[in-house]
Amino acid sequence: MIATTGALALLLAATPAIARDVSCRLDFDMAGWSAFYKTASGTGRVSCDNGQSMAVSISAKGGGLTVGKSEIRGGRGEFSGVRSINEVLGTYVSAEAHAGVVKSSKAQVMTKGEVSLALAGTGEGVDLGVAFGGFTIEAR
């Protein structure tokens, strides 16, 4: 009986736990400018369906053919491939296209390893071009 219990304990310990993906969302505000080099920064909050949440700072930097300034209020991002809220932190690489005068729309998909982030937001400003760069999320 003890041998059977010990064997069962070893089997359970050796079986990997199946971790489910967690659904996480980023709500953010950011403002920035560009003149061949684009920079923007802001704040946000990541909330996950497992109850975890975290206040974050965000920044975006990159180069490309771009000129303008913009402000995004009430932006939203959806993460995929996340098993823990800590996996959303770090730098994502991106490619984007955008155009607008006064009212500007922006959509962007970024990746960081196996984690992906799709961003969308509308804002105010003048913005025209194509930019490539990084988007960094840090805990506040």
* To do: Taking side-chain contact (heavy atoms from CB on, under 4.5 Å) as the test, write out the residues that go with Ser80, two or more places apart.
  => Ser116

* Nearest 0.5 Å please: distance from the CE atom of Met30 over to the CD1 atom of Ile72. => 6.5 Å

* Asked: Is any side-chain heavy atom of Ile137 closer than 4.5 Å to a side-chain heavy atom of Lys112?
  -> no

* Using a 4.5 Å cut-off on heavy atoms from C-beta on, say whether the side chain of Val88 contacts that of Leu26. => no

* Nearest atoms (heavy-atom pairs only) where Phe28 meets Gly77 -> CE2-N, 4.4 Å

* **salt bridge (Lys or Arg N to Asp or Glu O under 4.0 Å) involving Arg45 - partner list, sequence neighbours excluded** => none

* To do: Only counting residues at least two apart or in another chain, list the ones meeting side chain to side chain donor-acceptor pair (under 3.5 Å) with Glu87.
  => none

* To do: Kindly compute the distance separating CZ (Arg83) from SG (Cys48), expressed to the nearest 0.5 Å.
  => 13.5 Å

* Structure fact -> salt bridge (Lys or Arg N to Asp or Glu O under 4.0 Å) filter on Glu138, not counting sequence neighbours, yields none

* Asked: Side chains of Ser41 and Ser59: is there a donor and an acceptor less than 3.5 Å apart?
  -> no

* Do the side chains of Met54 and Asn86 get nearer than 4.5 Å, heavy atoms only? -> yes

* To do: With sequence neighbours excluded, tell me which residues meet side-chain contact (heavy atoms from CB on, under 4.5 Å) with Ala31.
  => Glu71

* Structure fact -> dist Ser84:OG -> Asp21:CG (nearest 0.5 Å) comes out at 11.5 Å

* Could you tell me which residues satisfy side chain to side chain donor-acceptor pair (under 3.5 Å) with Asp27, sequence neighbours excluded, listed by chain and number? => Arg25

* Structure fact -> For Asp29 and Gly75, the nearest pair of non-hydrogen atoms, with its separation, is OD1-N, 4.5 Å

* Let me see the working for Val22 and Phe79 under side chain to side chain contact (heavy atoms under 4.5 Å, CB included), right down to the final yes or no. => CA-CA 9 Å; Val22 176; Phe79 294 94; over 6 Å; no

* Structure fact -> When rounded to the nearest 0.5 Å, the distance separating CD1 of Ile58 from OG1 of Thr136 is 10.0 Å

